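See below for the structure under consideration.
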Amino acid sequence: MGAIYTLGIDVGSTASKCVMLKDGKEIVAKSLVDFGAGTSGPKRAIDEVIEKSGLSKDELDYVLATGYGRNSIDFIDKQMSELSCHAKGASFIFPDVQTVIDIGGQDVKVLRIENGAMTNFQMNDKCAAGTGRFLDVMAKVLEVKVSDLAYLSSLSTQRIAISSTCTVFAESEVISQLAKGTDKCDIINGIHYSVANRVVGLANRVGVRDKVVMTGGVAQNGGVVKALEEQLGRTIYTSPITQYVGALGAALFGYEKCSK
């Protein structure tokens, strides 16, 4: 019997991630395109993975879609909730994970994991506060790159409280701090702790247990990770591949479908 190739595509609100697996174990190729649902992002992410793998679409045994825009993919075998896929993918990377904190472009999810399966969750998808979108808005107001937020935050010498949980009001607070001459690095640090406060509220409703893993694009922001670690009193584990957990979980579920 030949190798089984499965493809998982996670179509988020702001980005599309794709992972191809061989025999449910080996990551053959992956891609991340900064365009999400309603754009050409999903197709571009899939095309990029297929090109990297050297295979053709006809050689794929199963394609499973997840995420905010999973309904927009037209040649899939199945679609599945991003909650289940995130739990599956995070458990593949960190087998002993018990809590997953996922901060995406437009929502925040906290999952309780037991034996690789989700047993409870809380989700904030009603407001941009605490999400990647919130950080994008704050970076524009401060006239800095999103990719520089973590470094600039590390230069902070004092904590500035950004108390508003609404993106619009938080933006006004930041503008007010700038008008006072407050150092941008201190403001950014305050923004990171504001995000952490928002997430910790969700996490406490689920009940945080070790091992805690953070996923999503914001997991690459060390300033937010540090703020969360301090407020939760726990080490938070992450890696570059945790951005792909949804797509990875989708590919793993696809393999299970093929193996039955």
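Given the structure is predicted, the values throughout are model-derived calculations rather than measurements.
- For the pair D183 and I187, the minimum side-chain heavy-atom distance is 4.5 Å or more.
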**Study point:** Derivation of the side-chain contact (heavy atoms from CB on, under 4.5 Å) call for N124 and R198
**Key:** CA-CA 9 Å; N124 166 40; R198 186 84 172 182; 3.9 Å; yes
Exercise for review: Kindly indicate, with the supporting measurements, whether the criterion side-chain contact (heavy atoms from CB on, under 4.5 Å) is fulfilled by I27 and I241.
Suggested key: CA-CA 11 Å; I27 297 177; I241 201 173; 3.2 Å; yes
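- Minimum interatomic distance between A250 and T66 (heavy atoms only, all atoms of both residues): CB-CG2, 4.2 Å.
- One N or O on the side chain of S154 and one on the backbone of Y151 form a donor-acceptor pair closer than 3.5 Å.
- Comment: E82 does not engage K88 in a salt bridge, judged by the lack of any side-chain N to carboxylate O separation of less than 4.0 angstrom.
- Side-chain contact between L149 and H192 is present, with at least one heavy-atom pair separated by less than 4.5 Å.
- Residue pairs satisfying the side chain to side chain donor-acceptor pair (under 3.5 Å) criterion with at least one member in residues 15-26, sequence neighbours excluded, are absent.
- The closest donor-acceptor contact from the side chain of R70 to the backbone of G67 lies under 3.5 Å.
- In the hydrophobic cluster analysis, where Ile, Leu, Val, Met, Phe, Trp and Tyr join through side-chain heavy atoms closer than 4.5 angstrom, V225 is grouped together with I191.
- Contact record, L21 with V28: C-CG2, 4.1 Å, taken as the closest heavy-atom pair.
- Residues forming a side chain to side chain donor-acceptor pair (under 3.5 Å) with T99 (at least two apart in sequence, or on another chain): none.
- With hydrogens and angles ignored, the 3.5 Å screen pairs a side-chain donor or acceptor of R112 with a backbone N or O of G207.
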Exercise for review: Before giving the answer on side-chain contact (heavy atoms from CB on, under 4.5 Å), spell out for L228 and M214 the whole-Å C-alpha distance, their side-chain angles and the decisive distance to 0.1 Å.
Suggested key: CA-CA 10 Å; L228 277 168; M214 188 170 169; 3.8 Å; yes
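- A cation-pi arrangement, defined by a distance under 6.0 Å to the six-membered ring centre and an angle within 45 degrees of its axis, is absent between K78 and F253.
- Both F92 and F94 are assigned to one and the same hydrophobic cluster, defined by single-linkage of ILVMFWY side chains at heavy-atom distances under 4.5 Å.
- Two residues are said to be in side-chain contact when any heavy atoms from C-beta on lie closer than 4.5 Å; K184 and E143 meet this criterion.
- Counting heavy-atom neighbours within 6.0 Å of E256 CD, excluding the residue itself, gives a total above 12.
- Side-chain contact, S31 with E48: no donor N or O sits under 3.5 Å from an acceptor N or O.
- Remark: the T215 side chain and the D102 side chain contain an N/O donor-acceptor pair separated by less than 3.5 Å.
- The minimum heavy-atom distance linking V100 with A90 is given by the pair CG2-CB, 3.7 Å.
- When side chains are defined from C-beta on, I93 counts as touching V245, because their heavy atoms get closer than 4.5 Å.
- Taking CD of Q158 as the start and CG of D186 as the end, the distance is 4.5 Å to the nearest 0.5 Å.
- Taking 4.5 Å as the limit, some side-chain heavy atom of K57 sits within range of a side-chain heavy atom of D47.
- Closest of all the heavy-atom pairs between G24 and L252 is O-CD2, 3.5 Å.
- Counting heavy-atom neighbours within 6.0 Å of K211 NZ, excluding the residue itself, gives a total above 12.
- Within the model, atoms OG1 of T182 and CD of E173 stand 11.0 Å from one another, a figure rounded to the nearest 0.5 Å.
- With hydrophobic clusters built from ILVMFWY side chains whose heavy atoms lie under 4.5 angstrom apart, I9 does not share a cluster with F35.
- Cluster membership for Y62 and L7, using ILVMFWY side-chain heavy atoms within less than 4.5 angstrom, is not shared.
- Distance check, rounded to the nearest 0.5 Å: CG of N120 to CG of L111 gives 9.0 Å.
- Between K140 and M138, the closest side-chain pair of non-hydrogen atoms is not below 4.5 Å.
- The closest side-chain donor-acceptor pair between S153 and N189 falls under 3.5 angstrom.
- Separation of atoms CD1 (I188) and CG (L155) is listed at 9.0 Å; rounding is to 0.5 Å.
- Residues M123 and V97 are members of one and the same hydrophobic cluster, defined by side-chain heavy-atom contacts under 4.5 angstrom among Ile, Leu, Val, Met, Phe, Trp and Tyr.
- Residue S194 holds its OG atom at 4.5 Å from CZ of F134, rounded to the nearest 0.5 Å.
- Minimum heavy-atom separation, C85 to G246: CB-O, 3.5 Å.
- The shortest distance between side-chain heavy atoms of T6 and L64 does not fall below 4.5 Å.
- Taken from OH in Y255 to CD1 in I4, the straight-line distance is 5.0 Å, to the nearest 0.5 Å.
- Listed by chain and number, the residues in a side chain to side chain donor-acceptor pair (under 3.5 Å) with E230 are R159, Y193 (sequence neighbours excluded).
- What you find for G132 and I103 is that their closest heavy atoms are N-CG2, 4.1 Å.
- Within the 4.5 Å cutoff, no side-chain heavy atoms of D77 are placed close to those of K257.
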Check your understanding: Does the side-chain contact (heavy atoms from CB on, under 4.5 Å) test come out yes or no for R133 and T14, once each step is laid out?
Key -> CA-CA 9 Å; R133 175 59 179 162; T14 59; 5.9 Å; no
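- Here the side chain of S91 pairs a donor or acceptor atom with the backbone of A87 at under 3.5 angstrom.
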